[in-house]
Each structure stands twice: as C-alpha cells, then as structure tokens.
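Have a look at the structure below, then the notes.
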Amino acid sequence: MVSVEELEKELAGKAPMAVGFDIDDTTLFSTPVFYRGKQEFSPDDYSYLNNQKFWDKANCGWDKFSMPKHIAEQLIEMHQKRGDDIYFITGRTGSECNFTTPYLQKTFHIKNMHDVVFAGSSRDVYTKTPYIKEHDIKIYYGDADGDIISARQAGAEGIRVMRAANSSYTPIPQNGIYGERVLKDSQF
C-alpha cells in the first residue's frame, strides 16, 4: 500500500513526467452512467456495452452524473504541483462529441489538458498499451487488472486504484494480485 503523500515524497526532486489515468472507477465513480445505460439499452444482459448509442450518451453528457473520486482529486493536484503532464486513457468506445475532455478538465481543474484517449476494448489485446507508450507515461493509475498489465507492457508503473465496493463493474479485482502498489483509501 502507498499513500499520495508517500508518492509525493518519492517523486520529490525528480523531473516532471507524463502520468496517465483510467477514467471509470479510477478518476470517476461512473456506476450511475453504466447503470442507466444497462436499464435503457439492455436490461437483461450487457450487450449495451457494444452499442454505440450507449457510448454516445455516456461520452456526450451522462458523465455529468459521475462523481469525481477523492483519490483522483488528490493525485491530480499532486501531479500538477510537480508540473507533470496528465493524460486520460480509457477503454471506452469513443464518440463524435467533445464532452469528456472539457468535463474532466473542469472537474479536476487541469491546467494543461490533453484530449482524452478512447482506446476501446478488446478481449485479445491490451488496447491502452500503445497509448501509454506513445505518450511516454511513467505512472499509470487504474482500477482494473488490464490497467496494470497495459502499464507494464508499455514500460510504465501501474498503480492500482481500488474500485468502490458498490461499483456496477464486477467482480471487484483482487488488489495487489500482480505485486503492484495499491493506493491507500482509494476506493472513494
């Protein structure tokens, strides 16, 4: 386990770097978005996750119903104080609108905002890996096993953010299963 304060001390004196964040269950508690999408598009199964109409709703306005996670506020503030570049790389399917980038910028008071990267998802490939590598990200924060694996494949450190127990994204992953560091009190 590691705290934001411990990370800040560890990074003190090091040159600014690029850091990355997953969105769902890492920076935003987005269960309300996914709960609503399931109800509206596929109440009996998870096929809504393959429906572009759901992603358009999620990415083009429904995120305003997501709650920023306290741990993300702390991490982003710490990294901005250091002068680090902040990237958001999500496994979501992208949409034509431009809501998510300005929403995250406003929510987390990000000074130098990069466009959100919508990497999409795959059962066979870790879709975030090439983007983590492309932006030379040194630390990538995420809640899912795939976030930790993607970071490692790209040569970055993956640090686990705990998923809230009431997340709609189940099962809850086993924190530390890959020997990664886990952020203390990061479930909210």
Side-chain angles (χ1 to χ4, degrees), residues 4 19-77 79 86-110 113-123 126-128 131-132 137 139-151 158-175 182-183 185-188:
V4 175
V19 297
F21 290 86
D22 172 49
I23 295 177
D24 300 309
D25 285 324
T26 298
T27 54
L28 296 177
F29 177 70
S30 51
T31 286
V33 172
F34 287 84
Y35 180 77
R36 178 73 176 112
K38 186 170 180 354
Q39 286 182 324
E40 184 166 324
F41 294 106
S42 63
D44 298 324
D45 60 35
Y46 289 92
S47 63
Y48 75 101
L49 294 171
N50 297 314
N51 184 335
Q52 187 63 47
K53 289 179 182 175
F54 162 69
W55 290 113
D56 290 346
K57 294 276 191 179
N59 298 332
C60 303
W62 278 4
D63 263 332
K64 64 186 172 193
F65 302 114
S66 296
M67 296 172 53
K69 288 185 70 172
H70 182 63
I71 193 70
E73 293 170 330
Q74 292 177 317
L75 285 167
I76 290 168
E77 181 181 348
H79 281 293
I86 296 169
Y87 291 88
F88 293 90
I89 303 171
T90 179
R92 290 182 180 192
T93 298
S95 299
E96 302 257 338
C97 67
N98 188 24
F99 179 85
T100 307
T101 296
Y103 177 73
L104 290 170
Q105 181 177 23
K106 180 181 175 190
T107 299
F108 293 109
H109 313 288
I110 297 173
M113 185 70 184
H114 300 281
D115 286 337
V116 171
V117 175
F118 291 89
S121 63
S122 168
R123 293 185 185 270
Y126 292 101
T127 58
K128 296 177 184 179
Y131 299 103
I132 295 170
I137 290 169
I139 300 172
Y140 186 76
Y141 298 97
D143 66 296
D145 293 349
D147 294 325
I148 304 307
I149 294 167
S150 293
I159 298 181
R160 180 85 67 165
V161 174
M162 291 187 275
R163 192 177 295 162
N166 61 340
S167 171
S168 62
Y169 187 15
T170 57
I172 302 295
Q174 186 177 348
N175 298 317
V182 179
L183 279 161
D185 301 321
S186 60
Q187 63 273 31
F188 44 82

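Keep in mind that this is a model prediction, so the values were computed, not measured.
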Does some side-chain heavy atom of [Y] sit less than 4.5 Å from a side-chain heavy atom of [X]?
X    : Y   : result
D185 : I71 : no
T90  : D24 : yes
F88  : L28 : no
F41  : S47 : no
Y140 : V19 : no
K57  : E40 : yes
F65  : R36 : no

Taking all non-hydrogen atoms of both residues, which atom of [X] and which atom of [Y] are closest, and how far apart?
X    : Y    : result
A164 : I172 : O-CD1, 3.5 Å
N51  : K53  : OD1-N, 2.8 Å
S30  : R92  : CB-NH2, 4.3 Å
T127 : A119 : CB-O, 3.4 Å
F108 : A72  : CE2-CB, 3.8 Å
D145 : P173 : OD1-CB, 3.7 Å

Spacing of [atom1] belonging to [X] relative to [atom2] belonging to [Y], to within rounding of 0.5 Å:
X    : Y    : atom1 : atom2 : result
I159 : S186 : CD1   : OG    : 10.5 Å
N98  : T100 : CG    : OG1   : 8.0 Å
E96  : Q52  : CD    : CD    : 8.5 Å
F34  : S168 : CZ    : OG    : 7.0 Å

Look only at the side chain of [X] and the backbone of [Y], and say whether a donor-acceptor pair between them is shorter than 3.5 Å.
X    : Y    : value
W55  : L49  : yes
R163 : P171 : yes
Y87  : V117 : no
K38  : D45  : yes
S95  : C97  : no
T27  : D22  : yes
S150 : D147 : no
N59  : T93  : yes
S42  : Y48  : yes

Between K69 and F188, is NZ or CZ placed under 6.0 angstrom from the six-membered ring centre and within 45° of the ring axis?
no
Could you give me the CA-CA distance, side-chain angles and deciding distance for D143 and R160, then say whether salt bridge (charged side-chain N to carboxylate O under 4.0 Å, His left out) is met?
CA-CA 5 Å; D143 66 296; R160 180 85 67 165; over 6 Å; no
Parallel, tilted or perpendicular, as decided by the 30° and 60° cut-offs, for the rings of Y103 and F99
parallel
ring-ring contact (aromatic ring centres under 6.0 Å, His included) filter on Y141, not counting sequence neighbours, yields F21, H79
In chain order, what residues pass the ring-ring contact (aromatic ring centres under 6.0 Å, His included) check against Y126, with sequence neighbours excluded?
none
Identify, with sequence neighbours excluded, every residue that meets side chain to side chain contact (heavy atoms under 4.5 Å, CB included) alongside [X].
X    : value
D115 : T101
V33  : F54, A58, W62, D63, S66
Q187 : M162

Which residues pass the salt bridge (Lys or Arg N to Asp or Glu O under 4.0 Å) test with E77, not counting sequence neighbours?
none
Applying side chain to side chain contact (heavy atoms under 4.5 Å, CB included) to I86 and H114, what does each step give before you reach the verdict?
CA-CA 7 Å; I86 296 169; H114 300 281; 5.7 Å; no
Decide side chain to side chain contact (heavy atoms under 4.5 Å, CB included) for N166 and T31; before the verdict, give the C-alpha distance in whole Å, the side-chain angles of both, and the deciding distance to 0.1 Å.
CA-CA 8 Å; N166 61 340; T31 286; over 6 Å; no
